[in-house]
2 protein chains.
Amino acid sequence: MTLRPTTADGPFDIALIATRDPAECPIRDVLVHLGGKWSTLILLCLGSAAHRFGALRRAIPHISKRMLTETLRDLERDGFVSRHVFATKLPSVEYRITDLGHSFLDPLHGVLICANGHHAEIRRARAGYDAKDSAQV
Amino acid sequence: MTLRPTTADGPFDIALIATRDPAECPIRDVLVHLGGKWSTLILLCLGSAAHRFGALRRAIPHISKRMLTETLRDLERDGFVSRHVFATKLPSVEYRITDLGHSFLDPLHGVLICANGHHAEIRRARAGYDAKDSAQV
DNA sequence: CAGGATCCAGAAAGATACTG
DNA sequence: CAGTATCTTTCTGGATCCTG
């Protein structure tokens, strides 16, 4: 199976989807991490400026310390962000986006523009679907 | 807080992140669904051609019937794909991408290109991180 | 301040069996 | 063929308390 993406952006073979080992498939191996509830949010935040832990918490409402720590570790592990500890009196840690992380910023931003632009449409679709659904039951 | 994305793609306010109600935030409301393990895979598959249920299963290894059904329902609910039932002898159902879904194809594709291009780098970063990690323990 | 450790309810997801 | 139903296991994420 060789699918051709509608965008003629180059020879990108979606047959990668069908890779036997999920770990070899960039779609699954990379996107699953980016797809996490918070990764994109954090990456975008750090894309605009370096943030300290507390600043990130304030910038991203509703995130718990636990999830912030965990997601930052994951992003660090994947090489998207770097961690810089300052041995000040009270510990302070700054997170920065790396070059690798930065290279994802534009593509991600494109998705966001799209999500933002079609948000109303999506919510309308949902409302319609749910209305039909509850009517039949 | 008004963050400016590094891409000067237009006036996209990342302060949307800080929206009080998560449901109002396109980033969370849309991306959380797209971030699911399978949504992107399915959307890309359907972007290349309409598929029937069974064909999708074959195109996307490792997905269970249950997850495929569920993810398709979600995508249908959000208006990304449409469902067409043919009353043939044995039921056959075809899934197609909608215009709305199609508008996400290019941005998503951009992310994939990026993920694909940097996959090796990411895996190296992981290996390095894990090596340091286990060395310290 | 930044985060580690622990507990725990609920969501997500796999396996299997059944149906029109 | 295209699901649905059910059971079970795994994962997620929030709350809370603790430390250097």
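Atom set for the values below is all heavy atoms of this structure, side chains included, hydrogens, waters and symmetry mates excluded. For clarity, every value in this text was computed on a predicted model and none was experimentally measured. Naming convention: chains lettered A, B, ... in sequence-line order (proteins, then strands); numbering from 1 in each chain.
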Supply the atom-to-atom distance [X] [atom1] to [Y] [atom2], rounded to the nearest 0.5 angstrom.
{"X": "A:F104", "Y": "A:L34", "atom1": "CZ", "atom2": "CG", "result": "6.0 Å"}
{"X": "B:I97", "Y": "B:F80", "atom1": "CD1", "atom2": "CZ", "result": "9.0 Å"}
{"X": "A:I27", "Y": "B:L112", "atom1": "CD1", "atom2": "CG", "result": "5.0 Å"}
{"X": "A:T71", "Y": "A:R73", "atom1": "OG1", "atom2": "CZ", "result": "11.0 Å"}

Report task. Could you list where the contact with chain A starts and ends along DNA chain C, reading 5' to 3', using a 4.0 Å heavy-atom cut-off? Result -> C:dC1 to C:dT6
Query - Among A:R124, A:R123, A:H118, side chain to side chain donor-acceptor pair (under 3.5 Å) partner for A:E121 - result: A:H118
Report task. Give a yes or no on whether B:L90 and B:Y95 share a hydrophobic cluster (residues Ile, Leu, Val, Met, Phe, Trp, Tyr; joining criterion: side-chain heavy atoms under 4.5 Å apart). Result -> no
**Report entry** Distance-minimising heavy-atom pair for A:L108 and B:V111
**Finding:** N-CG2, 4.0 Å
Requested in this report: Just report the end-to-end axis angle for the helix from C:dC1-D:dG20 to C:dG20-D:dC1, five pairs per end, to 10 degrees.
Outcome: 50°
Report task. Go through DNA chain D in 5' to 3' direction and return only the first and the last nucleotide with some atom under 4.0 Å of chain B's heavy atoms. Result -> D:dC1 to D:dT6
Query raised in the report: Base, sugar-phosphate, or nothing: which does B:R57 touch, judged by heavy atoms less than 4.0 Å apart?
Result: nothing
Query raised in the report: Which part of the nucleic acid, if any, lies within reach of A:Y95 when heavy atoms closer than 4.0 Å are counted: base, sugar-phosphate only, or nothing?
Result: sugar-phosphate
Report summary line: When A:R66 and A:L72 are each assigned the nearest nucleotide of DNA chain C, the 5'-most assignment goes to A:L72
Mind checking what makes side chain to side chain donor-acceptor pair (under 3.5 Å) contact with [X], not counting sequence neighbours?
{"X": "A:S82", "result": "A:H84"}
{"X": "B:D74", "result": "none"}
{"X": "A:H119", "result": "B:D29"}

Report summary line: Walking DNA chain D from its 5' end, the first of A:P91 and A:W38 to be reached, judged by nearest nucleotide, is A:W38
